[in-house]
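Naming convention: chains lettered A, B, ... in sequence-line order (proteins, then strands); numbering from 1 in each chain.
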2 protein chains.
Amino acid sequence: MFDPVSAPASRNASIKNTPVKITDVAAAAGVAPMTVSRVINTPDRVSPDTTARVREAIDRLGYVPNLIAGGLSSRKSRMVAAVVPTIAHPMFAGVVQSFSDSMRQAGYQVMLSICGYEDSDDEALFRAVLGRRPDALLITGSGYSPAAWQMLIEAHIPVVEIWDVSSRPIDMVIGFDHAQVGGEVAAYFLVKGHDRFAVLAARDSRAMTRARGFNEAVTKAGAAVVLDQVMPAPSTIAAGRDGLRALLPFLDQRCAVFCSSDQLAFGVVTEARVQGVPIPEHLAVCGFGNLEISAMNEPPITTVSLEGVGTGRSAAAFLLRRLAGEGPRDGDRVQVPFRIIERATS
Amino acid sequence: MFDPVSAPASRNASIKNTPVKITDVAAAAGVAPMTVSRVINTPDRVSPDTTARVREAIDRLGYVPNLIAGGLSSRKSRMVAAVVPTIAHPMFAGVVQSFSDSMRQAGYQVMLSICGYEDSDDEALFRAVLGRRPDALLITGSGYSPAAWQMLIEAHIPVVEIWDVSSRPIDMVIGFDHAQVGGEVAAYFLVKGHDRFAVLAARDSRAMTRARGFNEAVTKAGAAVVLDQVMPAPSTIAAGRDGLRALLPFLDQRCAVFCSSDQLAFGVVTEARVQGVPIPEHLAVCGFGNLEISAMNEPPITTVSLEGVGTGRSAAAFLLRRLAGEGPRDGDRVQVPFRIIERATS
DNA sequence: CTGAAAGCGCTAACAC
DNA sequence: GTGTTAGCGCTTTCAG
């Protein structure tokens, strides 16, 4: 039965591995490997009797099917990749979490790539990701090199870009116009009668786009931006507190500040309390993201709300629809609605 | 051009795929597939001349090597799995982020599995994870079924359990004793002269273990726990504010409250300000996790600090050492140090 | 330094 | 229902 000379046998008998494989199960159950495969993947096409024998063998041997091998054969990895700049930010954490939940329910594993805010070598990044042959891809919008863009196109898998609208969408999009957000916050402040403004934005292209949109709208209205400060990304509460201190010299008159995230806004509001700056009478504050910290702070903080969890879930739904074989259709490019939630700081 | 009879051709020529493969590159460069493989994986063993020709072909064809196929052959997936209950909590987000960074630098992709706080079907979970044949595994400590435990053992891959010490460690451990944390917080409060206590803990086994440790130490000291409230997991600021309101009836006398997370503690402190409860004179508060929100709040919140980022990085280092071929050694079971950071709320 | 042969563990496709 | 054959795209191994 056992022939020490034959190479394959010696390989199997080697050092430590106990990689029970489909042939082992098949042998133990007295069936062909294909039958084991059917028991696992299409149980209704196997007789109850055989199924029972195979199941027993699987359990007894502790067989865990090698999905990698199966994927190579079936050309489906049942893995999807998600590329985000960070998960330290609650926004992206929420997106990844809900995306992952939805995909896992559908039997997909998520490969997570955290790429940072600096667009370093996106080609290398996508090569590493696409090399694993994910069945689909979620990426955080726009700003890749042409070569990277080309790679994504040529991967021929469903792709959903989130968080930003793109001028050259690859496939599906769930995003919004960051400049427009800034513009609407400015409009909101202007309507409330403000005429002196400040911006605190993290050094992150989207945050700075929001700031730009804000600045442009303010300037167009003939009002002044007295301070436009860029903070390190990802933004922190500490940076917000610093920001308020930087703003202090300008607070001889009433002012409204737009922060590129709720963390910054919370820092501003907290430091304002310490410094005795009355909010909203003397300083109005608007954040971005509608995190719990802005809703549950005292005073609650005015902010821009987006459907963050919704984005992850929608992205999953988009991809799953495609993976189920449906083609592209209208409505694959979605503008995430946002709105200003007025609270006590403005 | 199109011949419906020849099966292989029709397969390749079919619908959408442009899967450039190693044989295509080899043909284009006039070498054997193996040489292409060498150019990619062991460039120093190929002549500069050949390398140049192959590189050119790779670039021209836009070849992205199929790492899945390579992995099947080499029996290394260069993927590692990370199983955590959530990434919505900054603690785990930090761990995953730093773990992912370290692994990615070493050429590994992270497969993320978010399992939730309810230990539902851990066997199915691990089957899905191990089926992808990760080269190594990070999991969030303890509490699996014997069958699941067995699966992990039989996978014969390096495993690191984080966040909790385990009574039956699978392999490596980077964790701490949650009951001990609770005990030390109690001791800290007792030394400060407190004799009436409360606990707010999320419905999560680790958080409740911390609460239990706290309660036991308090009781042993002959002091009273006037309120021991379980909150929904994951914990929120809102739950903390609710918690303080639940505590109000007991605040006729001085009291010290231990919260199972900084979010809860922040909620308590914020609501206390609203309700006019003086902190720390009338109510002392200690959180857990040392998130930015506790350090940067006004007043800054006393809390328990752990090396969260360090955990992710250490876990990666542990696994990478094993993946590099080193065997187990002393020091593979690490107690994460924690300490109470005294701030203005106690 | 380069190539040819033989799989990795599984499943699609086609018999029976 | 079940088995057989032939790969999936790569790398291991061994031969030159």
How long is the line joining [atom1] of [X] and [atom2] of [N], in whole Å?
| X | N | atom1 | atom2 | value |
| --- | --- | --- | --- | --- |
| B:Ile68 | C:dC10 | CD1 | P | 14 Å |
| A:Asp24 | C:dC8 | CG | P | 11 Å |
| B:Arg45 | D:dT12 | CZ | C1' | 12 Å |
| A:Leu67 | C:dC8 | CG | P | 19 Å |
| A:Ile22 | C:dT11 | CD1 | P | 5 Å |
| A:Asn66 | D:dG9 | CG | P | 17 Å |
| A:Leu130 | D:dG9 | CG | P | 16 Å |
| A:Leu72 | C:dG9 | CG | P | 12 Å |

**Prompt:** Looking at B:Leu125 and B:Ser113, what are the two nearest heavy atoms and their distance?
**Reply:**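 Closest approach of B:Leu125 to B:Ser113, heavy atoms only: CD1-CB, 4.2 Å.
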**Message:** If you compare all heavy atoms of B:Leu320 against all heavy atoms of B:Ser102, which two are closest, and at what distance to 0.1 Å?
**Reply:**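 What the structure gives for the nearest pair is CD1-O, 4.2 Å.
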**Message:** Quick check: on DNA chain D, is the nucleotide nearest A:Ala69 upstream (toward 5') of the one nearest B:Val36, or the reverse? Name the residue that is more 5'.
**Reply:**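 Nearest-nucleotide comparison on DNA chain D picks A:Ala69.
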Phosphate OP1/OP2 of [N]: any [X] side-chain N/O under 4.0 Å:
| X | N | answer |
| --- | --- | --- |
| A:Asn41 | C:dT11 | yes |
| A:Tyr63 | C:dC10 | yes |
| A:Ser37 | C:dC10 | no |
| B:Thr35 | C:dT2 | no |
| A:Thr50 | D:dT2 | yes |
| A:Ser74 | C:dC10 | no |

**Message:** Is it the case that D:dG7 (base atoms only) and A:Ser73 (side chain only) share a donor and an acceptor within less than 3.5 Å, ignoring hydrogens and angles?
**Reply:**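 When only heavy-atom distances are counted, A:Ser73 does reach the base of D:dG7 through a donor-acceptor pair under 3.5 Å.
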**Request:** Would you sort out whether B:Phe318 and B:Val334 count as a side-chain contact (heavy atoms from CB on, under 4.5 Å), showing the intermediate values?
**Result:** CA-CA 10 Å; B:Phe318 273 27; B:Val334 169; 3.5 Å; yes
**Request:** Between B:Met34 and A:Met34, name the one whose nearest nucleotide on DNA chain C is closer to the 5' end.
**Result:**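 Nearest nucleotide further toward 5': that of B:Met34.
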**Prompt:** For DNA chain C, whose closest nucleotide is more 5', that of A:Gly70 or that of B:Arg38?
**Reply:**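 So the residue in question is B:Arg38.
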**Message:** Apply side-chain contact (heavy atoms from CB on, under 4.5 Å) to residues B:Val173 and B:Trp163 and explain how you reach the verdict.
**Reply:** CA-CA 8 Å; B:Val173 179; B:Trp163 192 236; over 6 Å; no
**Asked** Can you tell which of C:dC1, D:dG3, C:dG3 lies closest to the side chain of B:Ala32?
**Response**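 Per side-chain heavy atoms of B:Ala32, the pick is C:dG3.
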**Message:** Quick check for you: among D:dC8, C:dC1, C:dC10, whose closest atom lies nearest to any side-chain atom of A:Arg75?
**Reply:**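 Between D:dC8, C:dC1, C:dC10, the one nearest the side chain of A:Arg75 would be D:dC8.
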**Request:** Could you tell me whether a side-chain N or O of B:Glu161 sits under 3.5 Å from a main-chain N or O of B:Ile170, the two making a donor and an acceptor?
**Result:**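 Yes; judged by distance alone, with no hydrogens or angles, the pair exists.
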**Prompt:** Using the C1' atoms of five pairs at each end, what's the angle between the two axes of the helix from C:dC1-D:dG16 to C:dC16-D:dG1, to 10 degrees?
**Reply:**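 Between the first-five-pair axis and the last-five-pair axis there is 30°.
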**Prompt:** What is the nucleic acid contact for B:Pro33, judged by heavy atoms within less than 4.0 Å: base, sugar-phosphate only, or nothing?
**Reply:**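 Counting heavy atoms under 4.0 Å across all strands, no contact is made by B:Pro33.
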**Request:** Could you tell me whether B:Arg322 and B:Glu326 make a salt bridge, using a distance below 4.0 angstrom between a side-chain N and a carboxylate O?
**Result:**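 So B:Arg322 does not pair with B:Glu326 through a salt bridge.
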**Prompt:** Side chains of A:Ser47 and A:Thr50: is there a donor and an acceptor less than 3.5 Å apart?
**Reply:**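 Result is yes, a qualifying pair exists.
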**Request:** Mind running side-chain contact (heavy atoms from CB on, under 4.5 Å) on A:Val95 and A:Ile87 for me, showing each step along the way?
**Result:** CA-CA 9 Å; A:Val95 169; A:Ile87 58 167; over 6 Å; no
